[in-house]
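Okay, structure first, notes after.
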Amino acid sequence: MAIIETEATLHDAHRDNHTHRDVNGGWLRPAVFGAMDGLVSNFALMAGVAGGAVSQQTVIITGLSGLAAGAFSMAAGEYTSVASQRELVEAELDVERRELRKHPADEERELAELYASRGVEPGLAREVARQLSKDPEQALEIHAREELGIDPGDLPSPTVAAVSSFGSFALGALIPVLPYLLGASALWPAVILALIGLFACGAVVAKVTARSWWFSGLRQLALGGAAAGVTYLLGSIFGTAIG
């Protein structure tokens with residue numbers, strides 16, 4: 001049994017064994033889920049139309065239209081959502097900024113009480129609050145973190161969110177269309193490529209979850225395949241009824 005002999009070794013061992021994954025997913029999560037959304041929705045849409053026994057050209061037009069409509073819808077929705085969230089945060093920061101300017105002593109006391117409520121000795125809590133409140137911008141950042149749970153210097157960009165959503169959705173939605181653009185006249189090449197894409201997206205999602213890559217991949221493949229299967233069946237029924 002190995003024995004940790006020095007304090008330095010102890011610190012190294014703790015550091016090496018005390019790392020965490022990014023629980024927010026960083027850029028990976030929205031990118032992968034955007035691509036997955038595009039793949040599933042467009043694959044299901046094309047399968048439903050193909051089930052109605054329409055021409056190859058109709059399926060291609062449907063796929064490209066679904067790609068464009070979905071990508072622009074995602075981008076617009078993401079831009080509006082992030083912009084609204086950012087405007088709300090900035091409005092709250094303005095409120096906090098005015099309070100710090102008009103009532104600095106009260107804000108300092110509020111910060112000290114917050115630290116004390118978390119177990120810091122009252123005298124030390126007051127001293128920490130006093131020192132942190134010397135710089136107005138630092139005080140604003142601390143109050144924003146503690147009271148609003150946000151970082152004023154790391155607000156999301158609506159433009160970046162919209163562009164990334166557009167790109168990831170379009171990339172996913174292109175997968176089932178690609179075989180048709182390359183000359184395929186039947187649905188099965190698109191099905192094979194889409195299923196591979198579904199499994200790959202699910203496996204990548206495992207990077208931000210505790211699941212194994214094969215479980216996550218198979219789960220996404222099953223869900224996406226089921227969605228496409230249902231819409232294909234409905235397309236066949238509707239095509240027969242209308243025809």
Side-chain angles (χ1 to χ4, degrees), residues 11-12 14-38 70-172 201 204-211 216:
H11 290 327
D12 291 340
H14 180 267
R15 182 186 65 243
D16 294 340
N17 293 286
H18 198 71
T19 57
H20 297 281
R21 287 171 297 187
D22 180 4
V23 296
N24 293 319
W27 62 268
L28 181 63
R29 184 181 184 280
V32 173
F33 277 89
M36 192 181 299
D37 189 13
F72 279 113
S73 176
M74 284 285 291
E78 195 70 13
Y79 184 92
T80 301
S81 174
V82 174
S84 299
Q85 179 186 14
R86 186 182 179 109
E87 290 164 1
L88 174 61
V89 169
E90 289 176 342
E92 291 301 314
L93 287 175
D94 285 340
V95 171
E96 192 64 36
R97 190 177 286 108
R98 287 196 299 271
E99 288 300 311
L100 285 168
R101 185 173 59 251
K102 293 179 179 178
H103 309 288
D106 291 337
E107 290 295 313
E108 181 180 322
R109 187 181 308 110
E110 182 180 294
L111 190 61
E113 291 173 353
L114 176 63
Y115 288 138
S117 69
R118 294 184 177 180
V120 179
E121 192 274 325
L124 178 59
R126 288 192 294 272
E127 178 60 21
V128 170
R130 184 187 68 79
Q131 293 189 29
L132 293 177
S133 299
K134 289 181 179 179
D135 182 353
E137 287 304 312
Q138 178 177 254
L140 174 64
E141 180 177 337
I142 294 170
H143 279 276
R145 287 179 183 273
E146 297 293 346
E147 297 176 27
L148 303 176
I150 59 173
D151 182 355
D154 191 29
L155 299 182
S157 166
T159 302
V160 171
V163 171
S164 61
S165 294
F166 182 96
S168 60
F169 186 97
L171 181 62
C201 284
V204 173
V205 167
K207 291 288 186 180
V208 292
T209 67
R211 293 289 187 179
S216 184

So, does [X] use its side chain to make a donor-acceptor pair with the main chain of [Y] at under 3.5 Å?
X: S164; Y: V160; value: yes
X: S168; Y: S165; value: yes
X: Q138; Y: L132; value: yes
X: T80; Y: G77; value: no

With rounding to the nearest 0.5 Å, note down the distance linking [atom1] in [X] to [atom2] in [Y].
X: L111; Y: D106; atom1: CG; atom2: CG; result: 12.5 Å
X: Q85; Y: I150; atom1: CD; atom2: CD1; result: 9.0 Å
X: E96; Y: E146; atom1: CD; atom2: CD; result: 11.0 Å
X: E87; Y: E92; atom1: CD; atom2: CD; result: 13.0 Å

Query raised in the report: Under the salt bridge (Lys or Arg N to Asp or Glu O under 4.0 Å) criterion, do E141 and R145 qualify, and how do the steps go?
Result: CA-CA 6 Å; E141 180 177 337; R145 287 179 183 273; 3.3 Å; yes
Considering non-hydrogen atoms only, spot the tightest contact between [X] and [Y] and give its length.
X: L93; Y: A144; result: CD2-CB, 3.7 Å
X: A139; Y: S133; result: CB-CA, 4.1 Å
X: L100; Y: P136; result: CD1-O, 4.3 Å
X: A125; Y: A112; result: CB-O, 3.5 Å

Query raised in the report: For F72, which of F166, F169, Y79 qualifies under ring-ring contact (aromatic ring centres under 6.0 Å, His included)?
Result: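 Exactly one pass, corresponding to F166.
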Query raised in the report: Does CZ in R97 sit with more than 12 non-hydrogen atoms of other residues, nucleotides or ligands closer than 6.0 Å?
Result: yes
Report task. Apply side chain to side chain contact (heavy atoms under 4.5 Å, CB included) to V128 and V120, showing your working. Result -> CA-CA 10 Å; V128 170; V120 179; 5.5 Å; no
Report task. Could you tell me whether R86 and E90 make a salt bridge, using a distance below 4.0 angstrom between a side-chain N and a carboxylate O? Result -> yes
